[in-house]
Number of protein chains: 2
Amino acid sequence: MRAGLIAAGVELARSGGPEAVVLREATRIVGVVPNAAYRHFADRDQLLAEVCTAAMNELADRMTADLTRIRGKRGNPDAARRRLGAIGSAYLKFARKEPGLFATAFAVPRQHSYADRDGASNRSTPLGLLRTALDELVEAGVLDPQRRDGIEYPIWSIVHGTAELTGQGPLRDAPDAELRRIESLTLTFISNSLT
Amino acid sequence: MRAGLIAAGVELARSGGPEAVVLREATRIVGVVPNAAYRHFADRDQLLAEVCTAAMNELADRMTADLTRIRGKRGNPDAARRRLGAIGSAYLKFARKEPGLFATAFAVPRQHSYADRDGASNRSTPLGLLRTALDELVEAGVLDPQRRDGIEYPIWSIVHGTAELTGQGPLRDAPDAELRRIESLTLTFISNSLT
DNA sequence: AGGTAATGTGGACGGTGTCCACTAAGTGTG
DNA sequence: CACACTTAGTGGACACCGTCCACATTACCT
């Protein structure tokens, strides 16, 4: 039941973003009276928080799926670069194809905090995947170890900013070709920044 | 009256983001009955849209204010770099000090589109300011003209992504020192990318 | 068998966006 | 001057939302 409500919330979020995950509608989908939800969630925001982490997990899953398709031994410079590229590509692709879920993944309500989801070097999290890719780039000799510390934040920011600006931001109704160009500019910009 | 409603909406947005700009509350502030708003706006989203452009204008104003404090002739390489840095700094500072307005500036409802606000090379718009700063960097010989085309998008993305991730995103409850460090990493990353 | 915890129901309240009919001003024209 | 007409604001209603309360049902454990 709890899982059912979350699943219903995810579907609502998929087609309408975080605002669309409305408690009464979720219970309607599950086929239960609105108040039943309060046996499983303190309030609507807590349900939304669960939906958000589900969305974030789906983003991480899509990223790992695309990532494992890149062949090449660990430590191979070219493979390492391609893996970093795949991470950025998958992030942008998810934002483009699942705009509702993408927006929801980052719309965690102020209360119910992120806990440690992105803390430390947790793999199976977007930041965790990015970090291991960057470590591999250092190991492969592509990225200067002196520049490694903290570089995940600017890089994450470029990709996330591009997703935000082209997805819901001011660039959202640019023609499709222009959006692709911007995504491509972003990825090559990152690639150029490694040397 | 129309202006009053927008002003009230801006104050609501300042302390609570786009969700807080609720039509009835705005009319309450102005001291009028809710329906009176419908003489000036088609619906709540149109009021919100006006508040959003007001917020975006305030961002642009703060940026130009900080920008004009950078002395140095146009074409001076060092001044050009400092001006670009000031643009990024002002953007991040606004996001940090006015989180509600910053979020609102980018929360334009799907209907009421952006029109051409950020189109072309309009000055007095964040993108416009960034573009003229980049042009000056080319003119000053800092930025290779071949790299100029389209580079405003990755750069805007880095700054915007950092603002988003540290402001409302997963990094939002990192300690203050860490947030400053991330902002600084972002700015030096941009600076390094120019050469 | 009976008490207890968990789960779902029914009804209600305040808040919100929005629609409709209505009224009170101002304004220009005969 | 009077009259039609636009404009701006009012009052009341509706549907929807999140949420609280008291109640019924079910299952489990001693």
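Nothing here was measured: the structure is a model prediction, and the numbers come from that model. Below, chain A is the first sequence line, B the second, and so on; all start at residue 1.
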| said: Tell me the interatomic distance from L48(A), atom CG, to dC17(D), atom P, rounded to whole angstroms. | reply: 15 Å
| task | Please collect all salt bridge (charged side-chain N to carboxylate O under 4.0 Å, His left out) contacts where either partner lies in residues 19-32 of chain B, sequence neighbours excluded, each pair once. | result | E25(B)-R28(B)
| Fellow cluster residues of L23(A), listed by chain then number, with links counted only when side-chain atoms sit under 4.5 Å apart | Y38(A)
Give the table of side-chain donor-acceptor pairs shorter than 3.5 Å for residues 142-149 of chain A, with sequence neighbours excluded, one pair per line with atom names and distance.
from    : atom 1 : to      : atom 2 : distance (Å)
D144(A) : OD1    : Q146(A) : N      : 2.9
R147(A) : NH1    : S193(A) : O      : 2.7
R147(A) : NH2    : S193(A) : O      : 3.2
R148(A) : NE     : D135(A) : OD1    : 2.9
R148(A) : NH1    : E152(A) : OE1    : 2.7
R148(A) : NH2    : D135(A) : OD1    : 3.2
D149(A) : OD2    : R181(B) : NH2    : 3.3

| task | Take atom CE of M1(B) and atom C1' of dA25(C), then tell me their distance rounded to the nearest Å. | result | 15 Å
Hey, can you pull the donor-acceptor pairs under 3.5 Å for the side chains in residues 87-98 of chain A, sequence neighbours left out?
from   : atom 1 : to      : atom 2 : distance (Å)
Y91(A) : OH     : W156(A) : NE1    : 3.0
Y91(A) : OH     : H160(A) : ND1    : 2.8
K93(A) : NZ     : D66(A)  : OD2    : 2.9
R96(A) : NE     : E183(A) : OE2    : 3.0
R96(A) : NH2    : E183(A) : OE1    : 3.1
E98(A) : OE2    : R14(A)  : NH1    : 3.0
E98(A) : OE2    : R62(A)  : NH2    : 3.3

| Nearest nucleotide by nearest heavy atom, which residue falls closer to the 5' end of DNA chain D, H40(B) or R28(A)? | H40(B)
| field | Inter- and intrachain pairs under salt bridge (charged side-chain N to carboxylate O under 4.0 Å, His left out), touching residues 45-54 of chain A, at least two apart | value | R2(A)-E50(A)
Please tabulate the protein-to-nucleotide N/O contacts below 3.5 Å involving nucleotides 17-24 of chain C, giving atom names and distances.
from    : atom 1 : to     : atom 2 : distance (Å)
dG17(C) : OP1    : L23(B) : N      : 2.8
dG17(C) : OP2    : R24(B) : N      : 3.0
dG17(C) : N7     : R24(B) : NH1    : 2.4
dG17(C) : O6     : R24(B) : NH1    : 3.2
dT18(C) : OP2    : Y38(B) : OH     : 2.9
dT18(C) : OP2    : R44(B) : N      : 2.7
dT18(C) : O5'    : Y38(B) : OH     : 3.1
dT18(C) : O4     : R24(B) : NH1    : 3.4
dC19(C) : N4     : N35(B) : OD1    : 2.4
dC19(C) : N4     : N35(B) : ND2    : 2.6

| task | Tell me what R2(A) touches on the nucleic acid: a base, only sugar-phosphate, or nothing, going by heavy atoms under 4.0 Å. | result | nothing
| Beyond-backbone contact of M56(A) with V108(A), side-chain heavy atoms, under 4.5 angstrom | no
